[in-house]
There are 2 protein chains.
Amino acid sequence: MVLNTAIRRTQTVAAQLDGILRERIRDGQYAPGQRLPSEAELTAEFGVSRATVRTVLTRLTAEGLLLRKQGDGTYVNKNIRDATTHIGGLWEFQRVIESCGFQASLRLVDLHQRMANLAEQEELGLLEERTVISLERVFLANERPVVLAENILLSELFHRNIDEKLATLPLRNLLHDLCSEDIAYAMISIHAHLLTASEAKHFDGYRQVGDALLRIDQTFYNARHEPLAVGSSVVDDQYLQLRMVQAW
Amino acid sequence: MVLNTAIRRTQTVAAQLDGILRERIRDGQYAPGQRLPSEAELTAEFGVSRATVRTVLTRLTAEGLLLRKQGDGTYVNKNIRDATTHIGGLWEFQRVIESCGFQASLRLVDLHQRMANLAEQEELGLLEERTVISLERVFLANERPVVLAENILLSELFHRNIDEKLATLPLRNLLHDLCSEDIAYAMISIHAHLLTASEAKHFDGYRQVGDALLRIDQTFYNARHEPLAVGSSVVDDQYLQLRMVQAW
DNA sequence: AAGTGGTCTAGACCACAGG
DNA sequence: CTGTGGTCTAGACCACTTT
């Protein structure tokens, strides 16, 4: 089997192989604890070089899906089953919810323009007051609210008005589609947080004022180190387990 | 400049290059926002292949230290300055404390053997009751308590008695030196946590009963998927900032 | 001894950004 | 157009584990 022959080159060879191996792991063709074919065998099966095989295996190993033992072989991580997010994807809640096995949905709470407060000016690297768009949303898992997220975006990034339909997009897509800006990296900090009354309202009674939840603060940058947006998200860590695998 | 010529091969070429580049970034020889030499130039300077240069640059990029732009160049991340931990090292508190710029120290709270409770049996994959070693320690940053950590280890792993001197070792070293066991990966979950009275005592008055802190639960496995130890750590997230960079 | 993953090299072609 | 990083190949040698 050779990847991408004569067909269209829509993905890289490594990306295709990555997808195939993940699928085999998910399907149980490579079962938890089982040994994978050796690099040489994968090289032969897919008709790619060993270097390509290794870049893929290295990535899957870093995510904790695989375990490699020199002189022995590559094994599927037995304990991956209940890991809901690999360390890293901590700010794509829609994904986190889905990989927890829930149905993800989104509820718009508020969308308006206002002046940035001091903390936001600081985070966004503003020297003066500017108007920002405040986008407040609730992420639901199986119809139950699990994340209350407020994102602050610079108004001037938007050439056209943002309508409510677009408020259902993940932040990455929103910035990409409406602002032609791509997130290059994010700074993230995690804190414990006591739920306030106004926040508690959005949790439909599942969580109360004074409950301890997680708060994840994020600042998103483009490749020119310019801050694009900030986010502050309150996460119900009881229901939406943030379990992660960390290799080595 | 060629790495490891005629000298001893104590580290891999990539590891040496990794160290050198990190040092240059730390020293400001490669200043924040500045462009690094191209891959070709680094290849020439260090006398290594481009593939080796790239494995190192890829790792530094993944940690958020560098930013790479196709067709342009490789840049030092401007916002790395206040990132205290790259996502990943979330369970080596000594390191986290030091990379926050604090002096790290350790205080032994308790060390005793007892029977594992049900939750611990579950986590350690035990089918019956076993004795475990409970190791409770406080990590201090500049003499101020910031982490209260309890580790549970299987008694049977220890061939000789664990003395108090060894209780000052990081868990990884402790397992390696005393049990000849190496941690291959860990499952981690993060929760918000309300401080109990008995826990609050160890924070020297800096935090009170009922304060909301972070709790990081960990299970450590060896390469054979056998659980080696569990840990439950309460972290003062106000003082010990868990700021992380996440690339792309 | 044989087979595995770990490291490294040399060279090729491509996609993209800048002058 | 030139130089940059992105992808991929083919092949070599090493370190380790298993038999």
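Every chain is numbered from 1, with letters handed out A, B, ... down the list of sequences. Both backbone and side-chain heavy atoms feed into the values below; hydrogens, waters and symmetry mates do not.
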Comparing B:Pro37 and A:Thr55 on DNA chain D - which has the more 5′ nearest nucleotide: B:Pro37

For atom CG of A:Asp18 and atom P of D:dC8, their distance in whole Å: 11 Å

For the student: nearest non-hydrogen atoms of A:Glu120 and A:Val132, plus distance: OE1-CG2, 4.5 Å

Nearest-angstrom distance from the residue atom CD of B:Glu39 to P of D:dG6: 6 Å

Sidechain N-carboxylate O distance under 4.0 Å for A:Arg24, A:Glu45: yes

Nearest-angstrom distance from the residue atom CG of B:Leu67 to P of D:dT4: 18 Å

Interatomic distance, B:Arg59 CZ vs C:dG6 C1' [rounded to whole Å]: 12 Å

Minimum heavy-atom distance A:Leu111-A:Ile133, with the two atoms named: CD1-CG2, 3.6 Å

Parallel, tilted or perpendicular: rings of B:Tyr185 and B:His225 (30°, 60°): perpendicular

Heavy-atom closest pair, residues A:Ser189 and B:Arg243: CB-CG, 3.9 Å

Length of the CG-C1' vector between B:Leu66 and D:dT4, whole Å: 15 Å

Spacing between A:Leu17 atom CG and D:dT7 atom C1', to the nearest angstrom: 14 Å

Whole-Å gap separating C1' (C:dG3) and CG (A:Leu36): 16 Å

A:Phe46 vs A:Ile20, side-chain contact (heavy atoms from CB on, under 4.5 Å): CA-CA, chis, key distance, verdict: CA-CA 10 Å; A:Phe46 294 102; A:Ile20 292 173; 4.0 Å; yes

Proximity to the side chain of A:Arg35 - top-ranked nucleotide from C:dG5, D:dG6, C:dT4: C:dT4

Side-chain heavy atoms of B:Glu150 within contact of B:Ser134, under 4.5 Å: yes

Sugar-phosphate only, base, or nothing, as touched by A:Thr74 at under 4.0 Å among non-hydrogen atoms: sugar-phosphate

Nearest-angstrom distance from the residue atom CD of A:Glu41 to C1' of C:dG5: 13 Å

B/S/- contact track for nucleotides 9-19 of chain C, protein heavy atom under 4.0 Å: B--B--BBBS-

